[in-house]
Amino acid sequence: KAGVTQTPRYLIKTRGQQVTLSCSPISGHRSVSWYQQTPGQGLQFLFEYFSETQRNKGNFPGRFSGRQFSNSRSEMNVSTLELGDSALYLCASSLGVIKEETQYFGPGTRLLVL
Amino acid sequence: KNEVEQSPQNLTAQEGEFITINCSYSVGISALHWLQQHPGGGIVSLFMLSSGKKKHGRLIATINIQEKHSSLHITASHPRDSAVYICAATPTGNQFYFGTGTSLTVIP
């Protein structure tokens with residue numbers, strides 16, 4: 001089976017712009033979760049989607065949003081980008097919800113905000 | 001205070017040594033995950049456990065629910081084990097709390 005894929009892998013944006021990141025889960029997986037990783041804060045949970053419904057959201061401002069499509073692919077959007085949004089954004093997929101299943105991580109999207 | 005604390009932050013070992021990384025958590029959990037992250041960013045899930053002990057090759061993970069503590073052991077360490085090891089807790093809600101990671105370097 002193909003692994004979790006994320007596009008794009010690298011992205012450079014300027015402050016104030018918005019960005020959309022994409023995540024394609026492993027075939028058959030219904031849960032997709034998103035994470036932000038920075039040198040200062042480490043890994044932080046953004047949100048989890050299961051069967052097109054957001055199940056939970058981490059402690060991030062409303063500028064961070066996401067959605068999941070009927071084929072389980074997910075997108076994450078960040079509006080009005082700030083310098084502090086520069087990070088590695090990881091998504092992970094699993095058969096079921098986070099607390100019950102092993103997570104399979106994608107390679108990540110490196111976002112640089114100038 | 002972080003919900004998940006890891007120690008040590010950095011660890012250097014000689015090839016062949018037995019390694020232990022510790023993780024303590026303050027929330028009630030439904031599962032504890034151990035993750036491995038190599039340079040370049042890719043993350044691999046090593047273990048998910050809610051009780052007892054699991055073993056995979058040279059890796060062993062244990063958890064003590066009463067003490068809210070988990071350990072990851074690497075036997076006969078090898079330079080390819082050099083990576084950042086992260087523990088993560090899924091509390092009874094649907095969150096995911098991460099430790100700050102342990103950077104392991106195994107010297108040949």
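Just so you know, these numbers use all the heavy atoms, side chains as well, and skip hydrogens, waters and symmetry mates. Chain letters run A, B, ... following the sequence lines, proteins first and then strands; every chain starts at 1.
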Exercise. For A/Arg15, does the CZ atom have more than 12 heavy-atom neighbours from other residues, nucleotides or ligands under 6.0 Å away?
Worked result: no

>> Using a 6.0 Å cut-off, check whether atom CG of A/Asn59 has over 12 heavy atoms from anything other than its own residue.
In response: no

dist B/Phe96:CZ -> A/Leu43:CG (nearest 0.5 Å) comes out at 9.0 Å

Quick check on the hydrophobic clustering: are A/Val4 and A/Tyr35 connected, directly or via other members, by side-chain heavy-atom contacts under 4.5 Å?
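Looking at the clustering, A/Tyr35 is in a separate group from A/Val4.
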
Practice problem: Report whether A/Met76 and A/Ile12 are members of the same hydrophobic cluster (ILVMFWY, side-chain heavy atoms less than 4.5 Å apart, transitive linking). | Solution: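 Result: no, two separate clusters.
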
**Asked** Between A/Phe105 and B/Leu35, is any pair of side-chain heavy atoms under 4.5 Å apart?
**Response** yes

Please tell me if the side chains of B/Gln37 and A/Leu88 come closer than 4.5 Å, counting only heavy atoms from C-beta onward.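 They are in contact (side-chain heavy atoms under 4.5 Å apart), so the answer is yes.
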
Exercise for review: Could you check B/Phe98 against A/Gln37 for side chain to side chain contact (heavy atoms under 4.5 Å, CB included), going step by step and ending with a plain yes or no?
Suggested key: CA-CA 10 Å; B/Phe98 294 93; A/Gln37 187 176 37; over 6 Å; no

